[in-house]
Amino acid sequence: MKKFGKIFLMGLCAATILSGCGGKKDGGKDAAAVWPNKPVEVVLHASAGGDTDFNARTFGEFFEKETKKPLVVTNMPGASGLAATESIKATPANGYKALFTHSGPMVVNYVSGISDYDFKEFDVACIPAIDGGSVLVASKQSGITSLKDLIEKSQANPESVIYGTEFGGFSHLQVLILQDKTGVKLKLADIGSTSEKVTNLLGGRIDVASIAYGSIKDYVQNGDMIALAQYNGERNPYLGDVPTAKESGVDMEMNNPYIIAFPKGTDPAIVAKMSEIAEKVVGTPEYAEKLKIGFSQQAKILTTEEAKAYLQKIEDEYMQYKDVLRNTTK
């Protein structure tokens with residue numbers, strides 16, 4: 001009986017705490033009217049210093065200008081993004097802790113089998129930015145000067161060109177789609193993060209990789225690397241003269257959206273208000289300029305329903321590559 005009593009009290013305490021933290025306690029409109037009345041924390045799946053961290057902190061700067069409340073960034077890297085997503089799944093849905101991430105943990109992890117859930121396990125508020133700065137880049141030592149050149153070399157000698165990636169991640173999916181669209185066969189090397197890809201490209205240990213342009217712009221400008229193609233449907237004007245894959249005859253478009261999502265069950269009015277704030281932030285010229293300078297990104301916004309539809313669209317497209325991805329992540 002004592003054991004049962006302790007369990008009951010623990011359960012009662014937990015229920016009391018959760019009910020006290022619930023975002024719907026004061027009713028939808030009332031909760032949204034005063035939200036945020038204290039700092040909001042966003043958890044990132046990535047370490048400090050990268051593109052996701054940059055986007056979260058830049059958004060946070062302008063979020064505070066709009067709301068007069070800080071957006072506190074907590075970096076929680078690990079387990080291919082699961083550390084962050086699991087943390088938010090277990091968080092009370094009170095509107096004061098959310099996930100700032102991208103399609104890797106929210107879509108690609110599900111497609112590759114790393115996780116058994118996707119973005120639908122969260123209350124997606126919006127997509128406050130889309131990374132249209134990813135480029136296919138070659139090392140100077142590779143001798144590859146264009147996407148057409150890469151295709152011809154790979155067709156003549158399959159698996160002679162080494163592509164550096166991170167198995168199960170976004171750049172892995174990029175190369176699978178590239179191979180599918182072109183019919184070439186590259187040799188895939190599980191290199192790891194962006195910094196490791198850059199190091200291996202400079203050292204000539206890999207020939208090509210897909211990387212954010214902001215991370216390799218200086219190397220392209222001094223001739224140590226050659227930007228072969230960007231993955232946008234139309235040229236991102238911030239990427240200079242880098243042609244699109246479509247201009248080289250490859251029908252491929254692939255961008256990486258950043259996502260703000262709350263724990264499931266968050267007051268819909270709070271979710272909607274975050275989306276409204278994001279619209280104001282994205283419409284700020286200073287915000288757009290920071291994205292341009294930081295990672296050659298254009299300021300874009302997809303509101304709640306638009307964001308969910310976009311994420312579902314890319315998940316449906318990516319699912320055709322699930323077997324290959326899952327075989328490499330076992």
Rounding to 0.5 Å, atoms CG (Asn256) and CD1 (Ile130) come to a distance of 9.5 Å
Ionic contact status for Glu305 with Lys308, cut-off 4.0 Å
yes
Should the ring pair Phe262 and Trp35 be called parallel, tilted or perpendicular, given that the plane angle runs from 0 to 90° and is split at 30 and 60?
perpendicular
Side-chain donor/acceptor of Ser142 to backbone N/O of Ser139, under 3.5 Å:
yes
Is Val220 isolated, or which residues cluster with it under the ILVMFWY side-chain rule of less than 4.5 Å, directly or via members?
Val135, Val137, Ile162, Ile191, Val198, Leu201, Leu202, Ile206, Ile211, Tyr213, Ile216, Tyr219, Met225, Leu239, Val242
Just checking, is any N or O donor in the side chain of Glu86 or Tyr117 under 3.5 Å from an acceptor N or O on the other one?
yes
Restricting to non-hydrogen atoms, name the atom on Met106 and the atom on Ala261 that form the minimum distance, rounded to 0.1 Å.
CE-CB, 3.8 Å
When every non-hydrogen atom of Gly95 is compared with those of Val40, the smallest separation belongs to O-CG1, 4.1 Å
Does some side-chain heavy atom of Phe295 sit less than 4.5 Å from a side-chain heavy atom of Ser215?
yes
Whether the Tyr318 and Ser112 side chains hold a donor-acceptor pair (N or O, under 3.5 Å, no angle test) is what I'd like checked.
no
Would you find a donor on one side and an acceptor on the other, under 3.5 Å apart, between the side chain of Ser87 and the backbone of Ala83?
no
Atom NZ of residue position Lys185 - does it have more than 12 heavy atoms of other residues, nucleotides or ligands inside 6.0 Å?
no
Can you tell me how far the NZ atom of Lys322 sits from the CG atom of Leu173, to the nearest 0.5 Å?
14.0 Å
NZ/NE/NH1/NH2 to OD/OE distance under 4.0 Å, Lys246 and Glu253
yes
Do we see a donor-acceptor contact under 3.5 Å between the side chains of His45 and Thr101?
yes
Where Leu228 and Ser146 come nearest, the two heavy atoms and their spacing
CD2-N, 3.5 Å
Indicate every side-chain donor-acceptor pair of residues 118-128 with a distance under 3.5 Å to a residue at least two apart or in another chain.
residue	atom	partner	partner atom	Å
Asp118	OD1	Lys120	N	3.0
Asp118	OD2	Lys120	NZ	2.5
Lys120	NZ	Gln312	OE1	3.0
Asp123	OD2	Gly265	N	2.9
Asp123	OD2	Thr266	N	3.0

Which residues end up grouped with Val72 if you chain together Ile, Leu, Val, Met, Phe, Trp and Tyr wherever their side-chain heavy atoms are less than 4.5 Å apart?
none
Is a donor on one side and an acceptor on the other found under 3.5 Å between the side chain of Lys97 and the backbone of Pro92?
no
Can you confirm whether the side chains of Lys197 and Ser171 place a donor and an acceptor under 3.5 Å from each other?
yes
Would you say NZ of Lys148 has more than 12 non-hydrogen atoms from neighbouring residues, nucleotides or ligands within 6.0 angstrom?
no
Can you tell me how far the CD atom of Gln298 sits from the CG atom of Asp131, to the nearest 0.5 Å?
11.0 Å
We want to know whether Gln230 and Asn232 form a side-chain donor-acceptor pair, criterion being a heavy-atom distance below 3.5 angstrom.
yes
Can you tell me how far apart OG1 (Thr145) and CD1 (Ile226) are? Round to the nearest 0.5 Å.
7.5 Å
Is it possible for you to say whether Val111 and Val324 belong to one hydrophobic cluster, with membership spreading through side-chain heavy-atom contacts below 4.5 Å?
yes
Side-chain donor-acceptor pair present, Glu306, Thr303, cut-off under 3.5 Å:
yes
Heavy-atom neighbours of Lys187 NZ exceed 12 at 6.0 Å
no
With a cut-off of 6.0 Å (strictly less than), are more than 12 heavy atoms of other residues, nucleotides or ligands near OH of Tyr96?
yes
Take atom CD in Gln221; do more than 12 heavy atoms of anything else shown fall under 6.0 Å from it?
yes
Under 3.5 Å, is there a donor-acceptor pair linking the side chains of Glu196 and Ser193?
yes
Qualifying salt bridge (Lys or Arg N to Asp or Glu O under 4.0 Å) pairs with a residue from residues 36-60, counting only residues at least two apart or across chains:
Asp53-Arg57
To the nearest 0.5 Å, atom OH of Tyr287 lies from atom NZ of Lys290 at 11.0 Å
Please enumerate all residues that pass side-chain hydrogen bond (donor to acceptor under 3.5 Å, both in side chains) together with Lys292, with sequence neighbours excluded.
none
Taking side chain as C-beta onward, heavy atoms only, is Tyr110 less than 4.5 Å from Asp116?
no
For residues 157-180, which residue pairs qualify under salt bridge (Lys or Arg N to Asp or Glu O under 4.0 Å), counting only residues two or more places apart or in two chains?
none
Taken to the nearest 0.5 Å, the spacing of Glu279 CD from Ile277 CD1 works out to 11.0 Å
Ile301 versus Ala278, closest heavy-atom pair with distance
CD1-CB, 3.7 Å
